[in-house]
Amino acid sequence: MINLIPLPVKYEEKEGKFTASNKVIIYADTTLKTSASALLELFSKVTEINPKITDNRADANIIFKLVDNIKKEGYTIEINSENITVCASEFAGAFYAVQTLRQLFKLDYQKPCMTINCALIEDYPRYSWRGLMLDESRHFFGMETVKKLIDLLAMHKLNILHWHLSDNEGWRVEIKKYPKLTEIGSKRRGTHFLAWGRRDDAAVDWTPYSGYYTQDEIKEIVKYAQDQNVMIVPEIDMPAHFGAVLAAYPDLGCRGLQIETPIMHGGEKNGPGDLIACAGNSDTISFLYDVLDELVQLFPGGYFHIGGDEAPKAEWKACPKCQNTIKSEGLKNEEELQGYLSNKMYHWLKSKGKKLIGWNEILKATSLERDALIQYWHPIRDRRVEKWVRENGKVIISKHQAFYFDMPYAMRNLKKTYNFEPSKCKLDENYNAIIGVEAACWTEWIKDEDRLFFQLFPRIEALSETAWSPKGSRNYANFRLRLEEFVEVLEKLNIPYAPLNITDTGLIETLKTSKTFISQNAHVEYEKVKRNKQEKR
Ligand code: ACM
Ligand code: ZN
């Protein structure tokens, strides 16, 4: 069994062995030089062998060759007893070849392995979209955690970080034209920590909470990600999940109510109800255009996410401006008003060379422009998505059943995540509609990096295999065996992953079917594991 995660398309073992211990001299064709440097760095960190890069191909025993008949992001590695030849047609493929070599030589293990079997590897991804969504509105993790996460995504051959930068509980990015977004919207008086069902004062930690990225920091993170073939897709959620904006600029809401940046996840008890951006107010549209204008400069990737999920329409039903717009634009109802707003964003983004992405609820408006991209998260079957696909629409699969990594393991165990087959979402594979998969990590109840990584690992390993490896090669029992060895990497990198004795079942005894269920039990799992670990030390 070859111990690689994600499993490559083809691994064919050959006679003989390659030994690196006496000589690692790397040569790379110009376009692939950064990959050569990355490999050099990995070898340098863990061995005594003093690896080198050479400009003379004849001196080298690890060679990166640029060839043009290799699939996008793919590579081949030929290992014989004398040398290793990596072929790729672009930076991304060579980068992923390095990640594979890194695992073969066990460069992140306690004991690297300098002698490996001769083999021929051919590899390329199943899906072009292989992502993770991180919610930094509910909790803000900051640059170092995000960089660490990018390293880990890249190591697993994942290539998208979808960055949820705004929500009710906090706005997390500097916008120069609207300073109150960060002066007011990035701060809240406390944090709801107990459970969805508890809305009393005792459920709030009254420590003031704040955090945001400056535009310079965003640029630094985007560049850091690009160097590892990770595209960052920003999300500004609209028209709902808009509380932090409304705290800063109340006039953008239907009633102009002055609120504080919300503390309670899921809405304040006795609060003003589900506030939402006023889609009938031209100032709201101008505001959104301005925000998008600043953000598209910072994120060079081709996509922009406008959220669009969970948008309650009571405010719009009672708002004269929203109702006027419905009339003047000849719209059928409030859902079509959301479609009107989405399409405005679609055209604005298109004029900047960006494609719009939205959560699957944006399909409630039948008028949505056809080449928007839909992120299908909802656990319940959504026939609108099926229709969208029949009409050639494209989809990213993020189904809650498998890919909501903030859920407790007891509810969404690793096997469930691993065995979830994207093409089984009643979306006929023949339409070629699924461009990829993306997991989501919402952070209402996740307040620090330790807990974040506990929720993510080893689920990211399962995700990487769904996203990258051929459908026919996936097998949970085999994955689980490989994972038992692979967790040594997480140990060595000091990632506080969930131990394998709980990932398959979760801590069942903590499972309750109550409103406190998700938040409480995920937390209990984490706390128990942490305690067990400390007791063992
Ligand atoms: C979502 O989970 N509201 C996209
Ligand atoms: Zn309104």
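Keep in mind it's a predicted model, so treat the numbers as computed, not measured. Atom set for the values below is all heavy atoms of this structure, side chains included, hydrogens, waters and symmetry mates excluded. As the structure lists them, so they are numbered: ligands from 1, and atoms in each ligand from 1.
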Could you tell me whether some N/O pair between Tyr404 and ligand 1 is separated by less than 3.5 angstrom?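 Looking only at distances, the answer is yes, because the N/O contact criterion of under 3.5 Å is met.
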Taking both backbone and side-chain atoms of Trp377, is any N or O found less than 3.5 Å from an N or O belonging to ligand 1?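 There is no such contact.
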Angle at the Zn ion (ligand 2): provide the value between SG of Cys322 and SG of Cys319, rounding to 10 degrees.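 Taking the Zn ion (ligand 2) as the apex, I get 110° for this pair.
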Donor on one side chain, acceptor on other, Glu438 and His162, under 3.5 Å: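 Note: Glu438 and His162 side chains meet the donor-acceptor criterion.
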Between the side chains of Gln323 and Lys317, does any donor sit under 3.5 Å from an acceptor?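 Absent: no donor and acceptor within the cut-off.
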Test the [X]-[Y] pair against the cation-pi criterion, namely NZ or CZ under 6.0 angstrom from the six-membered ring centroid and within 45° of the ring axis.
{"X": "Lys352", "Y": "Trp348", "result": "yes"}
{"X": "Arg412", "Y": "Phe403", "result": "no"}
{"X": "Lys399", "Y": "Tyr376", "result": "yes"}

By number and element, which atoms of ligand 1 are closer than 4.0 Å to a non-hydrogen atom of Trp442?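 Near Trp442, meaning under 4.0 Å from one of its heavy atoms, ligand 1 has 1 (C), 2 (O), 4 (C).
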Considering only heavy atoms, does Glu310 approach ligand 1 within less than 4.0 Å through its side chain, its backbone, both, or neither?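 It is the side chain that gets close, since no backbone atom is under 4.0 Å.
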For atom 3 (N) of ligand 1, find the nearest protein heavy atom and state the residue, atom name and distance (0.1 Å precision).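 The closest one turns out to be Asp309 OD2, 2.6 Å.
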